[in-house]
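Step one of this worksheet: look at the structure below.
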Amino acid sequence: MEIFQKRILKKENSTLSKYWVNGVWKGYILEDKDRGLKSTMTLAELLKIKVHSQTAIPIGRFEVKLRVSPAFKRKLPWLQNVPAFEYIYAHKGNWIRDTRGCLIVGLSYGQEDGEFCVWESKKAFDPLFDEIVAALDRKEKVWWEIVEAYEDEKNPAEMLV
């Protein structure tokens, strides 16, 4: 199973992406500020730039497994081996304050206090979680790839179609 995330817009403290599962567009992802991290950077380079709980994870490709989150007290999709980060999950939420480095999925997006937010997170998360569980039950590997593809912010409506 392949989850593909394309970062498309950024604000001062938030990053908005579109995402696809096995080539089918599903919705949007909210993350913390993109500080330009790449999974190919050294640990020292990453740690010099990263701000704890306020930084989007590096671009790259990560295997996904399930893990019980102590904070959420339930199994969540967990991105493996994210350099300089630990316990990066995909989960429900709406606002940048909900991310703390994690990936928040939604069916639509908006803005609050000048930062991006996502809406209908439960409607986006539950099917994604079910697809991940089903793939893992079939003994398939699940991969989450993140790329940067920022587009002309002068006409953002065109790129979000």
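Bear in mind that the values here come from a model prediction, so they are computed numbers and not experimental data.
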Side-chain heavy-atom pair [X], [Y] within 4.5 angstrom cut-off:
{"X": "I59", "Y": "R7", "answer": "yes"}
{"X": "E112", "Y": "R97", "answer": "yes"}
{"X": "T15", "Y": "Y150", "answer": "yes"}
{"X": "K92", "Y": "D126", "answer": "yes"}
{"X": "Q5", "Y": "L103", "answer": "yes"}
{"X": "F62", "Y": "I88", "answer": "no"}
{"X": "T99", "Y": "L30", "answer": "yes"}

Tell me whether [Y] is reachable from [X] by hopping between hydrophobic residues (I, L, V, M, F, W, Y) whose side-chain heavy atoms are closer than 4.5 Å.
{"X": "W20", "Y": "W144", "answer": "no"}
{"X": "L16", "Y": "L37", "answer": "no"}
{"X": "V105", "Y": "W143", "answer": "no"}
{"X": "F4", "Y": "L136", "answer": "no"}
{"X": "I29", "Y": "F85", "answer": "yes"}

Search all heavy atoms of [X] against all heavy atoms of [Y] and return the closest pair with its distance.
{"X": "P83", "Y": "P58", "answer": "O-CG, 3.8 Å"}
{"X": "V142", "Y": "A135", "answer": "CG2-CB, 3.8 Å"}
{"X": "E148", "Y": "G36", "answer": "OE2-CA, 4.2 Å"}
{"X": "P127", "Y": "K122", "answer": "CD-O, 4.1 Å"}
{"X": "Y89", "Y": "S69", "answer": "OH-CA, 3.7 Å"}
{"X": "G60", "Y": "S39", "answer": "CA-OG, 3.6 Å"}

Under a 4.0 Å N-O cut-off, is there an ion pair linking K10 with E31?
-> no
Is [X] reaching over with its side chain to a backbone N or O of [Y], donor-acceptor style, under 3.5 angstrom?
{"X": "D32", "Y": "G101", "value": "yes"}
{"X": "S121", "Y": "G93", "value": "yes"}
{"X": "E115", "Y": "N13", "value": "yes"}
{"X": "R35", "Y": "L46", "value": "no"}
{"X": "K50", "Y": "A84", "value": "yes"}
{"X": "S14", "Y": "F116", "value": "yes"}

If I take atom [atom1] from residue [X] and atom [atom2] from residue [Y], how far apart are they, to the nearest 0.5 angstrom?
{"X": "M41", "Y": "L47", "atom1": "CE", "atom2": "CG", "value": "10.5 Å"}
{"X": "Q80", "Y": "Y87", "atom1": "CD", "atom2": "OH", "value": "10.0 Å"}
{"X": "Y19", "Y": "I3", "atom1": "OH", "atom2": "CD1", "value": "8.0 Å"}

Please work out whether the ring planes of F129 and F125 are parallel, tilted or perpendicular, with thresholds of 30° and 60°.
->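 Rings of F129 and F125: parallel, under 30°.
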Could you go through the side chain to side chain contact (heavy atoms under 4.5 Å, CB included) check for I132 and M1 one step at a time?
-> CA-CA 8 Å; I132 291 170; M1 178 176 166; 3.7 Å; yes
Please step through side chain to side chain contact (heavy atoms under 4.5 Å, CB included) for the pair E2 and V21, ending with a clear verdict.
-> CA-CA 6 Å; E2 295 283 338; V21 175; over 6 Å; no
